[in-house]
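Notes to accompany the following structure.
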Amino acid sequence: MELFDLTGKNAWVTGGSVGIGRGYAVALAKAGANVAIVDIDDRTGEKTAAEIRAMGRDSIFVHCDVTKEEEVAAMAKTVVERFGRLDIAVNNAGIGILGPDETYPKRSWDKVIDVNFTGMWLCCREASKYFIKQNETDPVPLGGKIINTASMSARIANCNASYDGSKGGVVEMTRALAAEWGQYNINVNCISPSYILSPMHASTPVVVRERIRSLTPMGYMERPEDLYGPVVFLASKAADYITGVDLLVDGGHTLNAWLMPLSRQYAPRVSPEEEIVSLKHDMDALEIETDEDGINFDYHPEIANAYKAAFGIE
């Protein structure tokens with residue numbers, strides 16, 4: 001449908017090599033866009049760019065640490081020089097560092113805020129410069145689409161203050177920039193996923209995944225594929241009149257505190273085996289082995305240990 005057609009559009013995706021970022025990149029390419037993969041992992045970034053090119057779209061990998069102002073500026077220049085213009089900026093790079101706040105090191109706080117919040121703002125700012133500059137020569141000033149990755153953790157307290165606070169900041173930053181930049185025909189929105197089977201959750205035990213399914217009305221863990229529609233929608237003409245919105249994509253997980261256990265009348269649309277297809281793809285790209293459930297407790301031992309302690313797993 002023409003309304004969702006991104007043919008001829010040019011995008012970047014930060015944190016684009018695996019997980020949510022790769023999902024965004026694949027979705028945009030499927031809709032017709034050329035996509036620059038922006039990441040700090042050169043090997044997986046190059047692999048994902050090659051994957052996009054194999055789909056018949058133009059793609060490059062650009063190494064960039066989003067916390068470094070000069071690298072963000074250089075990345076944007078490289079993308080525009082390659083594609084000729086920028087139409088869509090998907091700012092997704094993010095991290096989480098676990099730990100209780102009463103003993104949380106300031107260096108960990110600074111790192112999470114630098115990547116998740118300040119780095120995202122730098123990418124938004126750089127994209128806006130090109131959108132505004134392009135308006136000067138476009139017959140009809142088209143502006144552009146900025147899409148940031150927030151989290152359901154902007155609405156519920158489920159990690160720690162650094163992560164939840166940074167994601168809450170992304171939502172409010174998105175709203176502020178949307179209000180400020182609407183005059184330039186720039187739409188600024190964000191997407192808030194739930195627990196998603198990206199490599200970050202490769203160390204999540206099976207029993208925890210089962211608990212997440214049991215507390216999610218749609219009945220399965222979120223996959224990068226579940227964000228295909230939302231990111232294409234927000235990048236397309238279909239969302240031209242939508243700005244400052246936090247699009248929550250959580251399968252209903254945050255709807256209730258779930259005092260009563262959920263029940264099901266029908267099998268979920270996605271089985272546990274289908275959940276892990278993209279996760280296994282990403283772990284293979286990272287050259288990290290997983291078991292049949294897509295689990296490697298050694299990849300993120302801090303996550304594995306936290307869940308094991310909370311769930312009494314030996």
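Keep in mind that the numbers below use all heavy atoms, side chains included, and drop hydrogens, waters and symmetry copies.
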Using the side-chain contact (heavy atoms from CB on, under 4.5 Å) rule, take T149 and V170 through it: C-alpha gap first, then chi angles, then the decisive distance, then the call. CA-CA 8 Å; T149 298; V170 168; over 6 Å; no
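- The closest donor-acceptor contact from the side chain of E126 to the backbone of A76 lies at 3.5 Å or more, if one exists at all.
- Minimum heavy-atom separation, C123 to T14: SG-CG2, 4.0 Å.
- No continuous path of hydrophobic side-chain contacts links F297 to M200 [ILVMFWY only; heavy atoms under 4.5 Å].
- The local environment of CD in E292 is sparse, with at most 12 non-hydrogen atoms from other residues, nucleotides or ligands closer than 6.0 Å.
- Shown here for C64 and I40, the closest heavy-atom pair between the two residues is O-CG2, 3.3 Å.
- Side chains of V35 and R57 form no contact here, defined as non-hydrogen atoms less than 4.5 Å apart.
- Using modelled atom types, one side-chain atom of R209 and one backbone atom of D293 make a donor-acceptor pair closer than 3.5 Å.
- In this structure, the side chain of R85 does not engage the main chain of K9 through any donor-acceptor pair within 3.5 Å.
- Side-chain atoms of N116 do not come within 3.5 Å of backbone N or O of S166 as any donor-acceptor pair.
- Checked by atom type and distance alone, the side chain of T243 pairs as donor or acceptor with a backbone atom of V188 at under 3.5 Å.
- Both L197 and M283 are part of a single hydrophobic cluster, where members link through side-chain heavy atoms under 4.5 Å apart.
- Counting heavy atoms from C-beta on, the side chains of T174 and D246 never come closer than 4.5 Å.
- Of the possible polar contacts, none joining the S192 side chain to the L247 backbone as a donor-acceptor pair under 3.5 Å is found.
- Taking the six-membered ring where tryptophan is involved, the planes of Y195 and H253 are perpendicular, since the angle between them exceeds 60° and thus also 30°.
- Side-chain atoms of N189 come within 3.5 Å of backbone atoms of G244 as a donor-acceptor pair (strictly under, hydrogens ignored).
- N158 CG to T254 OG1: the interatomic distance, rounded to the nearest 0.5 Å, is 10.0 Å.
- In this structure, K129 places its NZ atom where more than 12 heavy-atom neighbours from other residues, nucleotides or ligands lie under 6.0 Å away.
- Of all non-hydrogen atoms in G143 and F131, the two that sit nearest each other are O-CD2, 3.4 Å.
- Heavy-atom neighbours of E314 CD from other residues, nucleotides or ligands within 6.0 Å: at or below the threshold of 12.
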What verdict does the side-chain contact (heavy atoms from CB on, under 4.5 Å) test give for Y299 and L286, after you've listed the backbone C-alpha separation in whole Å, the side-chain angles of each residue and the deciding distance to 0.1 Å? CA-CA 11 Å; Y299 183 57; L286 291 165; 3.5 Å; yes
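- Between D114 and K111 there is no side-chain heavy-atom pair separated by less than 4.5 Å.
- In this structure, V79 and Y130 have side chains that are not in contact, with every pair of non-hydrogen atoms separated by 4.5 Å or more.
- The line from OG of S151 to CD1 of I191 is 12.5 Å long, rounded to the nearest 0.5 Å.
- Rounded to the nearest 0.5 angstrom, I60 CD1 and E46 CD are separated by 9.5 Å.
- A continuous path of ILVMFWY side-chain contacts below 4.5 Å connects F311 to I212, so both sit in one hydrophobic cluster.
- Judged purely by atom type and a 3.5 angstrom limit, N160 has no side-chain atom pairing as donor or acceptor with the backbone of P100.
- The pair R155-D250 fails the salt-bridge criterion, with no side-chain N (NZ, NE, NH1 or NH2) lying under 4.0 Å from an Asp/Glu carboxylate O.
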Start with the C-alpha gap between W12 and V62, add the side-chain angles, then the distance that decides, and say whether side-chain contact (heavy atoms from CB on, under 4.5 Å) holds. CA-CA 9 Å; W12 78 46; V62 185; over 6 Å; no
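- For the residue pair Y104 and S162, the shortest heavy atom distance occurs at OH-OG, 3.0 Å.
- Counted within 6.0 Å of CD on E289, heavy atoms from surrounding residues, nucleotides or ligands total 12 or fewer; the atom is thus considered open.
- Listed for the D39 side chain is no donor-acceptor partner under 3.5 Å among the backbone atoms of G45.
- Here the closest non-hydrogen pair linking V232 and L28 is CG2-N, 4.3 Å.
- Under the 4.5 Å side-chain heavy-atom criterion for grouping Ile, Leu, Val, Met, Phe, Trp and Tyr, M75 is connected to W121 within one hydrophobic cluster.
- Atom CD of E69 is surrounded by 12 or fewer heavy atoms from other residues, nucleotides or ligands within 6.0 Å.
- Atom CG in D226 sits 9.0 Å away from atom OG in S278 (nearest 0.5 Å).
- Rounding to the nearest 0.5 Å places CD1 of I276 at 12.5 Å from CG of D282.
- Side-chain contact between N91 and V66 is absent, with no heavy-atom pair separated by less than 4.5 Å.
- No side-chain heavy atom of N305 sits less than 4.5 Å from a side-chain heavy atom of L98.
- A donor-acceptor pair under 3.5 Å is formed between the side chain of Q134 and the backbone N or O of L86.
- Looking only at side-chain heavy atoms (C-beta outward), Y307 and H201 come within less than 4.5 Å of each other.
- Put simply, I88 and I146 are part of two different groups of oily side chains (I, L, V, M, F, W, Y) that touch within less than 4.5 Å, one to the next.
- Side-chain contact between R22 and T44 is absent, with no heavy atoms from C-beta onward closer than 4.5 Å.
- Closest approach of K145 and N187 over heavy atoms only: CE-OD1, 3.4 Å.
- Here the straight-line distance linking atom CZ of R53 with atom CG of N34 works out to 11.5 Å at 0.5 Å rounding.
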Please determine whether salt bridge (Lys or Arg N to Asp or Glu O under 4.0 Å) holds for the pair D110 and R107, giving the CA-CA distance in whole Å, both sets of side-chain angles, and the decisive distance to 0.1 Å. CA-CA 5 Å; D110 289 343; R107 64 180 179 278; over 6 Å; no
Could you go through S236 and L6, starting from their C-alpha distance and side-chain angles, then the distance that decides it, and tell me whether this counts as side-chain contact (heavy atoms from CB on, under 4.5 Å)? CA-CA 6 Å; S236 73; L6 299 181; 4.0 Å; yes
